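Heads up, the thing below is written out as structure tokens.
All values reported here derive from a predicted model rather than from experimental measurement. Quick note on labels: first sequence line is chain A, next is B, and so on, each numbered from 1.
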Number of protein chains: 2
Amino acid sequence: METKKKKMKMMTLDQMKDKDIGKIGTAERDIYEFDLRMEVLGDMIKSVRKERKLTQEQLGELIGVQKSQISKLERNTKNVTIETILKVFRALKANVKFSVEINESEFKVAQ
Amino acid sequence: METKKKKMKMMTLDQMKDKDIGKIGTAERDIYEFDLRMEVLGDMIKSVRKERKLTQEQLGELIGVQKSQISKLERNTKNVTIETILKVFRALKANVKFSVEINESEFKVAQ
DNA sequence: TCGTAAGTTTCCATATAATTCAACTTTTTC
DNA sequence: GAAAAAGTTGAATTATATGGAAACTTACGA
């Protein structure tokens, strides 16, 4: 999981704006959906933060952590806890949804 | 976060089947979406596990952990790591998606 | 109502996520 | 192109999630 170039991977919002899933509510709401994967999560934080015109330091203040911590979250150096995710997106006034998709067939009981 | 009765909170799949968001693909696919919150996550695991007709012990075997661990996850005694969530739902052959919703307006820059 | 299977709880160890600080690098601005 | 601002990195520390074992409780079928 370290094969990519690493130089600006920042594709999320821009690319995602196309395959935008939602447009449910009022005028100005955007929804970005993606398979839950660590890498993407980090990008998402960064994207939304930029959308909100905040520096890492400012976001850090909102949450109560150092800018270095935000940097780490965005660059997903690590596995992350749900609480952490919520803390961040709450500060960014973003709503986080989660969905589980099951194919009834797909499952073989035998192991 | 400990005000409820605690006796069978198991509402997820049954209740959720109504406000079913997806129905995207082929015949038998179900999608359950919910606000990311710890409590609900545990219920979701339990629901899907039951859907798959597995005991906690069996699910544990699939993942490589003790049944007590599964119990803990379902009763969300703890905060949880993304990796753990993925491990569990992967074992349950469920696809996990994640979405972030932002209201452009909603944000006041001043703090 | 007994016995078994399923689920829960507690105690404990270990791994690792969260975090800071400070130095460093990159980007931006003038 | 120098100075300032923004972002990154590494080392160290603290907090806590993961996990096992075993004893316990609950559910459930005969």
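Between B:Leu59 atom CG and C:dG7 atom C1' the separation is 13 Å, expressed in whole Å. C:dA18 atom P lies 10 Å from atom CD of A:Glu83, rounded to whole Å. Look at CD1 on B:Ile70: it is 11 Å from P on C:dT8, rounded to the nearest Å. Put simply, CG on A:Asn79 is 5 Å from P on C:dA17, counting in whole angstrom units. A straight line from NZ of B:Lys78 to P of C:dC11 spans 12 Å, rounded to a whole angstrom. Between the C1' atom of D:dG20 and the CD1 atom of B:Ile63 lies a distance of 15 Å, rounded to the nearest Å. The CD1 atom of A:Ile82 sits 13 Å away from the C1' atom of C:dA17 (whole-angstrom rounding).
Among the heavy atoms of the strands lying under 4.0 Å from A:Gly64 are primed sugar atoms or P, OP1, OP2 only; no base atom is included. Residue A:Ser68 is classed as a base contact, given a heavy-atom separation below 4.0 Å to a base.
Among all heavy-atom pairs drawn from A:Lys87 and A:Ile63, the shortest one is CD-CG2, 3.6 Å. For the pair B:Glu51 and A:Ile102, the tightest heavy-atom approach, listed with the atom from each and the gap, is OE2-CD1, 3.8 Å. The nearest pair of heavy atoms linking B:Leu54 to B:Gln58 is CA-OE1, 3.3 Å. For B:Ala94 against A:Val100, the heavy-atom pair with the smallest separation is CB-CG1, 3.7 Å.
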B/S/- along nucleotides 2-7 of chain D (protein heavy atoms under 4.0 Å) is ----SB
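Listed nucleotides: C:dT19, D:dT18, D:dT9. Nearest to the side chain of A:Gln69: C:dT19. Among D:dG20, C:dA17, D:dG19, the nucleotide with an atom closest to any side-chain atom of B:Lys87 is D:dG19.
In this model, a side-chain donor or acceptor of B:Lys72 finds a partner on the base of D:dG20 within 3.5 Å.
Here the straight-line distance linking atom CG of B:Leu73 with atom CD1 of B:Ile45 works out to 5.0 Å at 0.5 Å rounding.
Between B:Phe98 and A:Val40 there is no side-chain heavy-atom pair separated by less than 4.5 Å.
For B:Arg52 (side chain) and B:Ala91 (main-chain N/O), no donor-acceptor pair under 3.5 Å exists by modelled atom type.
Taking the nucleotide of DNA chain D with the nearest heavy atom to each of B:Gln66 and A:Thr81, the more 5' of the two is matched to A:Thr81.
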